[in-house]
Amino acid sequence: MRGVKAVGIVACLALGAYATTIILRDPTLHPSILGMLIWFAGALLLHDLVLFPLYAAADRALTLLPPTRVPLVNHVRLPVLGAALTFLVFLPGIIRQGEPVVRGATGLDQEPFLARWLWLCAAMAGVSALVWIVRVTRRSAAGG
Amino acid sequence: MRIRIRWRSPIRGPWLTSVFGLVLLCALPVVIVTGLLDWVAYGSQPIPPDVGFLHLPTFDWPTRPAWLFRLTQGLHVGLGIVLVPVVLAKLWSVIPRLFTALPRDPLKALERLSLVMLVGGILFEIVTGLLNIQYDYVFGFSFYAAHYVGAWVFIAGFVLHVALKLPTMVRSLRSRSLRAELRTPLAETRSEPPHELVAPDPDPPTMSRRGALAVVGGGVVLLAGLTVGQTVDALRPTALLLPRGRTAPDDFPVNRTFAASGIADDAVGADWRLDLGAVRLSRAELAALPQHTADLPISCVEGWSTQQRWTGVRLRDLAAIAGVEQPSGAAVASVEEGPFARAALTRDQVLHPDSLLALQVNGADLSRDHGFPARVIVPALPGVHCTKWVAAIGFAP
């Protein structure tokens, strides 16, 4: 069993290593090797050592919320998660990065995206707050 | 140095990890295969060109159904986006393992190394893919080559991970009933039995397991709602934050503007002629030929697509005019110069009755942005090969 596992692991590592030779086959790509390595390692390290500690710390901060009869924690957590997710995924448009290429490809600019994202965040926060108020009211009405 | 971290989540554990793992196990192969199909769809001009044996078996990219590339590439990009929350949740669920010491056993150490390919690979693919569809080339290297190599590095890690962890996943999924979990409220949420992923001394729960699944599912739905508009014309404006959710008023998306092409005005003016080798035709002469109308999609490698009504001369009629009755293919050249200014078409792509040199779209002459004086439109062909501002077509006998 250990032998099969060893062969499998080595084979997959070899496949990954062989994939990188695609870059070596094309001399025009050679100047990009360092950049690709930096972005590969960067994506990994940024997630594990920056993004994760950051969101874990932010989540810890939720314990500082004042205690309420209907806990606030998820009513804050969810809109913040929604805002963070959309910010990460749609970052280039929101911060207007790469605008000349966008203009060349689409004929349009990136002007509306920041405002749209802020409105989306406001909507998510608003809905979450509304649901919280409804829950508080229902609990009070139930005499809780 | 030894880092001691107190893991606090009471819901982190092998069952929850396995649920996320199962979703990814079902969905990621679709993303992988549709991505590799894109390489095949580029026909005789794939990018990167030389990939050794790391590609699907090649075949002539079909022309039927016309929406084929719209579907495969829409799935590749669309699924790739909506899986982001699932990938992040999966990584969150296993992150305590990252902070354990490197194993002494060389086999285990190699296995750990393969996780660099798995996790680094998928994050690299997500980041480069998301930047590419938003035209942000801040990374400064060839997107095509990097995304293709990154894909195979990830595939290697993914195959190994599935092979090694599938039994664990099945066992963990069987350890709890999904139905019971979906009925368990916050007040009754307890930790999973002791395991390396389960916190030995957790905080009280603030979210049930079903709540966590709903949050991740909600993230998927949110991103799906913000993405589908780049593929479905009727929902276009709902892609609020994507460049392909917008169009100029009363227009459909352009894949490259006339201004960006660098073409001089007079190169597509009254003196423009279509060069068929033996014959040169003016736009008026083309318009006098039998015209054919077809509803065909423009589908881009960036995942967006749009269906429009195109009118023009059938490519096979042009082949006959050029004196090539049975063309084996065609080389199309644009007035534009650059990497995508030439496209090779297969025999089927030339002979399909809906394959056109379009002069009009939706009943009006093409605008310059859409390829005036004439552009190629072929069923299921990647948009980048539907050459605009066509200068010459060489039909091969």
Side-chain angles (χ1 to χ4, degrees), chain A residues 2 5-6 8-16 18-23 25-26 28-29 32 35-36 39-41 43-44 46-48 52 55 60 62-63 71 73-74 77-78 81-82 85-86 88-94 97-98 101-108 110 112-113 116-117 120, chain B residues 48 50-52 54 81 84-85 91-92 95 98 107 110-111 113-114 116-117 119-120 123-124 127-128 130-131 134-142 145-146 148-150 152-153 156-157 159-160 163 206-207 211 215 219 222-223 226 240-243 246 248 253-257 259-260 369:
Chain A
R2 195 175 152 85
K5 194 175 164 184
I9 290 175
V10 171
C12 285
L13 290 174
L15 175 62
Y18 177 75
T20 61
T21 66
I22 292 173
I23 305 288
R25 286 161 198 271
D26 183 350
T28 65
L29 294 175
S32 304
M36 291 185 194
W39 276 74
F40 189 93
L44 193 61
L46 213 65
H47 173 269
D48 292 350
F52 168 70
Y55 76 68
R60 279 291 289 154
L62 293 179
T63 56
V73 50
N74 286 323
R77 190 186 259 159
L78 296 194
L81 271 177
L85 179 67
T86 47
L88 282 181
V89 170
F90 304 110
L91 183 70
I94 295 168
Q97 189 163 267
V101 188
V102 174
R103 208 182 279 275
T106 68
L108 300 163
Q110 296 173 310
F113 296 126
R116 287 178 180 185
W117 177 70
L120 183 71
Chain B
D50 182 7
V51 297
L54 293 183
I81 292 175
V84 168
L91 292 176
W92 168 82
I95 206 128
L98 180 82
L107 200 57
L110 280 179
E111 191 184 330
L113 184 64
S114 78
V116 172
M117 302 200 309
V119 181
L123 291 173
F124 183 77
V127 169
T128 52
L130 285 174
L131 289 173
Q134 295 174 85
Y135 306 99
D136 183 354
Y137 296 104
V138 62
F139 44 78
F141 43 75
S142 159
Y148 200 84
V149 173
W152 279 101
V153 170
V159 168
L160 180 66
T206 55
M207 187 180 280
V215 167
L222 175 66
L223 291 183
L226 290 170
L240 281 178
L241 301 173
L242 280 172
R246 299 178 72 206
V254 180
N255 69 339
R256 190 158 159 72
T257 59
D369 281 344

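The sequence lines fix the lettering, A, B, ..., with proteins before strands; numbering per chain opens at 1. Remember, it's a predicted structure, so these values are computed and weren't measured experimentally.
- Interatomic distance, CG of B:L241 versus CD1 of A:I94, reported as 5.5 Å (0.5 Å rounding).
- Both the backbone and the side chain of B:A146 come within less than 4.5 Å of a heavy atom in chain A.
- If you measure heavy-atom distances from A:L46 to chain B, you find no contacts under 4.5 Å at all.
- The part of B:I81 that comes within reach of chain A is its side chain, from C-beta onward, which places non-hydrogen atoms under 4.5 angstrom from that chain.
- Side-chain contact between A:K5 and B:E111 is present, with at least one heavy-atom pair separated by less than 4.5 Å.
- Contact of A:L120 with chain B is made through the side chain alone, with heavy-atom distances under 4.5 Å.
- A perpendicular orientation is assigned to the rings of A:W39 and B:F139, their planes being inclined by more than 60° (bins at 30° and 60°).
- Between the B:D50 side chain and the A:D26 main chain, no donor and acceptor come within less than 3.5 Å of each other.
- Within the 4.5 angstrom heavy-atom criterion, only side-chain atoms of B:L222, from C-beta onward, approach chain A.
- If you measure heavy-atom distances from B:P48 to chain A, the contacts under 4.5 Å come from the side chain alone.
- Put simply, the side chain of A:T106 does not reach to within 4.5 Å of the side chain of B:R246, judged on heavy atoms.
- Heavy atoms of A:L78 lying under 4.5 Å from chain B belong exclusively to its side chain.
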